[in-house]
Trainee: 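Take this structure first; my questions come after.
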Amino acid sequence: MTMVNRAIRPTRPQRSRAASRGFARQLSQIDFDLGFTPFPDPQDARGVVDIGDVDTRPEDAAGNRERIEATTRAVLEAGAVPILLGGDDSVPIPFAAAFADRGPLTVVQIDAHVDWGDAIRGEKLGYGSPMRRLAEMPHVTDMVQVGVRGLGSGGAWQIDDARNWGSRIVTAYDLIRGGIDAAIDQVPAGGRYLVSIDCDGIDPAAFPAVAMPTPGGLRYEEVVLLLNALAEKGKIAGLVLAEYVPERDDPHRLCATIAARIVAVTMGLVLGDNGQTPPRPA
């Protein structure tokens with residue numbers, strides 16, 4: 001997990017870590033995704049710490065959830081903002097559970113699917129149910145779901161349940177008609193935002209390395225604009241980025257680079273512009 005000291009954590013985190021090395025030495029330059037220089041002093045990490053991998057095991061789902069929640073809670077207790085690079089899209093459940101005494105939270109989800117399943121094949125804590133489980137947490141008081149499209153969101157009753165709870169669903173077609181402002185306008189101002197990004201929310205033309213590619217979706221620039229708007233409207237309390245499948249990436253690992261850039265932008269937004277300007281070369 002890493003933490004912005006305000007934190008990061010990993011889907012095969014080493015792939016995203018490796019991709020980040022391609023631009024890590026440039027972070028003391030102006031970042032046009034942010035509008036400022038995130039790390040003016042290349043020797044100063046500004047409190048960003050990579051605390052390593054959470055110990056997870058395929059055969060121990062319950063134990064994995066306990067360790068993810070405990071690690072996230074430890075990061076929060078250290079005064080950091082956790083950024084979790086997850087596995088499948090069930091990871092937001094233990095991640096959000098760690099915020100139990102740190103509400104209220106507004107969940108902002110980017111995903112092709114609403115994830116309001118209940119018990120799927122007897123499993124209530126799987127990748128098809130995270131938003132329903134988060135909505136059941138008392139500290140989650142609002143939800144905006146962005147990029148929904150295609151098949152895979154279950155029956156109409158699931159959408160009805162989401163809307164009846166109060167979730168604001170912004171479909172990919174709403175974005176086509178109104179641009180990313182169609183999503184930004186639905187986010188309540190002054191909130192603390194828990195951001196959940198399933199990589200299949202991004203257009204598979206740009207990000208095909210996902211478990212369930214769905215035509216359409218957000219561009220990278222739209223994700224950046226939404227993140228910037230959250231930092232302007234309130235405070236990013238945490239980010240979980242899930243469902244990157246390295247085996248489906250291209251040989252240049254471009255999807256890993258997109259994932260790493262989303263994390264880097266989020267870190268910059270959490271840290272903010274410290275007003276320093278890198279010195280002009282002599």
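Treat the numbers as computed from the prediction; the structure is a model and nothing was measured.
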Trainee: For the residue pair Y220 and V265, establish whether any side-chain heavy-atom pair is separated by less than 4.5 Å.
Mentor: yes
Trainee: For the pair V148 and V170, evaluate side-chain contact (heavy atoms from CB on, under 4.5 Å) and give the outcome as yes or no after the intermediate values.
Mentor: CA-CA 7 Å; V148 178; V170 183; over 6 Å; no
Trainee: Please examine the side chains of V146 and L175, heavy atoms only from C-beta on, and report whether any two atoms are closer than 4.5 Å.
Mentor: yes
Trainee: Answer yes or no on whether R261 is positioned over the face of F23, meaning its NZ or CZ is under 6.0 Å from the six-membered ring centre and within 45° of the axis.
Mentor: yes
Trainee: Between L218 and D203, is the side-chain contact (heavy atoms from CB on, under 4.5 Å) condition met? List the steps.
Mentor: CA-CA 5 Å; L218 280 73; D203 189 341; over 6 Å; no
Trainee: Run the side-chain contact (heavy atoms from CB on, under 4.5 Å) check on R15 and Y244 step by step: do they pass?
Mentor: CA-CA 10 Å; R15 298 292 176 84; Y244 163 56; 3.9 Å; yes
Trainee: Would you say that L76 contacts P82 through its side chain, given a criterion of any heavy-atom pair below 4.5 Å between the two side chains?
Mentor: yes
Trainee: Does R163 reach the main-chain N or O of R168 with its side chain, forming a donor-acceptor pair under 3.5 Å?
Mentor: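 No, the answer is negative, given that no donor and acceptor are paired below the 3.5 Å cut-off.
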Trainee: Supply the atom-to-atom distance R17 CZ to R21 CZ, rounded to the nearest 0.5 angstrom.
Mentor: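 It comes to 8.5 Å.
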Trainee: For a quick test of reading the model, state the closest non-hydrogen atom pair linking P213 to P208 and the distance between them.
Mentor: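 For P213 versus P208, the nearest heavy atoms are CG-O, 4.1 Å.
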Trainee: For residues R67 and T56, report the shortest heavy-atom separation together with the two atoms involved.
Mentor: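 Shortest heavy-atom contact: NH2-CA, 4.5 Å.
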Trainee: Below 4.5 Å, heavy atoms only, C-beta onward: do L194 and V108 meet side chain to side chain?
Mentor: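 Counting from C-beta outward, L194 and V108 never come under 4.5 Å.
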Trainee: A side-chain contact here means heavy atoms from C-beta on lying under 4.5 Å apart; do L125 and S90 qualify?
Mentor: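 No. Closest side-chain heavy atoms not under 4.5 Å.
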Trainee: Minimum heavy-atom separation for N228 to L34, with atom names?
Mentor: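 Answer, listing the atom of N228 first, then L34: OD1-O, 4.1 Å.
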Trainee: Here's a test for you: under side chain to side chain contact (heavy atoms under 4.5 Å, CB included), which of H113, E243, M212, M131 qualifies with D89?
Mentor: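 The passing option is E243.
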Trainee: Quick one: sort the W165 and W116 rings into parallel, tilted or perpendicular, breaks at 30° and 60°.
Mentor: tilted
Trainee: Please check this pair: side chain of S153 against backbone of R149, looking for a donor-acceptor N/O pair closer than 3.5 Å.
Mentor: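 It does not hold such a pair.
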Trainee: Whether the Y127 and D115 side chains hold a donor-acceptor pair (N or O, under 3.5 Å, no angle test) is what I'd like checked.
Mentor: no
Trainee: Distance-only, no hydrogens or angles: does the D250 side chain make a donor-acceptor pair with backbone N or O of L254 under 3.5 Å?
Mentor: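 Pair found, side chain donor or acceptor close to backbone of L254.
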Trainee: To the nearest 0.5 Å, tell me how far L239 CG sits from T266 OG1.
Mentor: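 Rounded to the nearest 0.5 Å, the CG-OG1 separation comes out at 4.5 Å.
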Trainee: Looking only at the side chains, is there a donor atom on one of Q109 and D111 sitting less than 3.5 Å from an acceptor on the other?
Mentor: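 A donor-acceptor contact under 3.5 Å links the two side chains.
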Trainee: When you compare the side chain of L241 with that of L84, does any pair of heavy atoms fall below 4.5 Å?
Mentor: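 Answer no - side chains too far apart.
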Trainee: Flag the pair T71 / I51 as yes when at least one side-chain heavy-atom distance between them is below 4.5 Å, and no otherwise.
Mentor: yes
Trainee: Identify whether the distance between the nearest side-chain nitrogen and carboxylate oxygen of E69 and R65 falls below 4.0 Å.
Mentor: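 Salt bridge: no.
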Trainee: What residue pairs, at least two apart or across chains, pass side-chain hydrogen bond (donor to acceptor under 3.5 Å, both in side chains) with a residue in residues 129-141?
Mentor: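 For residues 129-141, and leaving out neighbouring residues, the side-chain hydrogen bond (donor to acceptor under 3.5 Å, both in side chains) pairs sorted by first residue read D118-R133, R132-D161, R133-E136.
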Trainee: Please confirm whether the backbone N or O of V187 pairs with a side-chain atom of K233, one donor and one acceptor, at under 3.5 Å?
Mentor: yes
Trainee: Between R219 and I202 (side chain of the first, backbone of the second, donor and acceptor by atom type, cut-off under 3.5 Å), is there such a pair?
Mentor: no
Trainee: Can you measure from OH (Y193) to CD1 (I236) and round to the nearest 0.5 angstrom?
Mentor: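 That separation rounds to 9.5 Å.
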Trainee: Quick one: pull up NZ in K235 and OG1 in T106 and give me the separation to the nearest 0.5 Å.
Mentor: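 Going from the NZ atom of K235 to the OG1 atom of T106 covers 14.0 Å.
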Trainee: Does T37 use its side chain to pair, donor to acceptor, with the backbone of F39 at less than 3.5 Å?
Mentor: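 No; judged by distance alone, with no hydrogens or angles, the pair does not exist.
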Trainee: Would you indicate whether the side-chain heavy atoms of V195 and V240 approach each other to under 4.5 Å?
Mentor: no
Trainee: Quick check: closest heavy atoms across G150 and T214, and the distance to 0.1 Å?
Mentor: CA-CG2, 4.2 Å
Trainee: If you round to the nearest 0.5 Å, how far is CG of L227 from CD1 of I184?
Mentor: 10.0 Å
Trainee: Could you walk me through whether D41 and R46 pass the salt bridge (charged side-chain N to carboxylate O under 4.0 Å, His left out) check?
Mentor: CA-CA 9 Å; D41 180 353; R46 299 186 64 195; over 6 Å; no
Trainee: Write down the atom of G87, the atom of A242, and the distance for their closest heavy-atom approach.
Mentor: O-CB, 3.5 Å
Trainee: Quick one: does E222's side chain have a donor or acceptor within less than 3.5 Å of a partner on I180's backbone?
Mentor: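 Absent.
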Trainee: Using the side-chain contact (heavy atoms from CB on, under 4.5 Å) rule, take I197 and I262 through it: C-alpha gap first, then chi angles, then the decisive distance, then the call.
Mentor: CA-CA 10 Å; I197 300 178; I262 290 171; 3.9 Å; yes
Trainee: Has the side chain of R248 got a donor or acceptor atom that lies under 3.5 Å from a matching backbone atom of A211?
Mentor: yes
Trainee: Can you see which heavy atom on I93 is nearest to which on L134, and at what distance?
Mentor: CA-CD1, 3.8 Å
Trainee: Please confirm whether the backbone N or O of C255 pairs with a side-chain atom of D249, one donor and one acceptor, at under 3.5 Å?
Mentor: yes
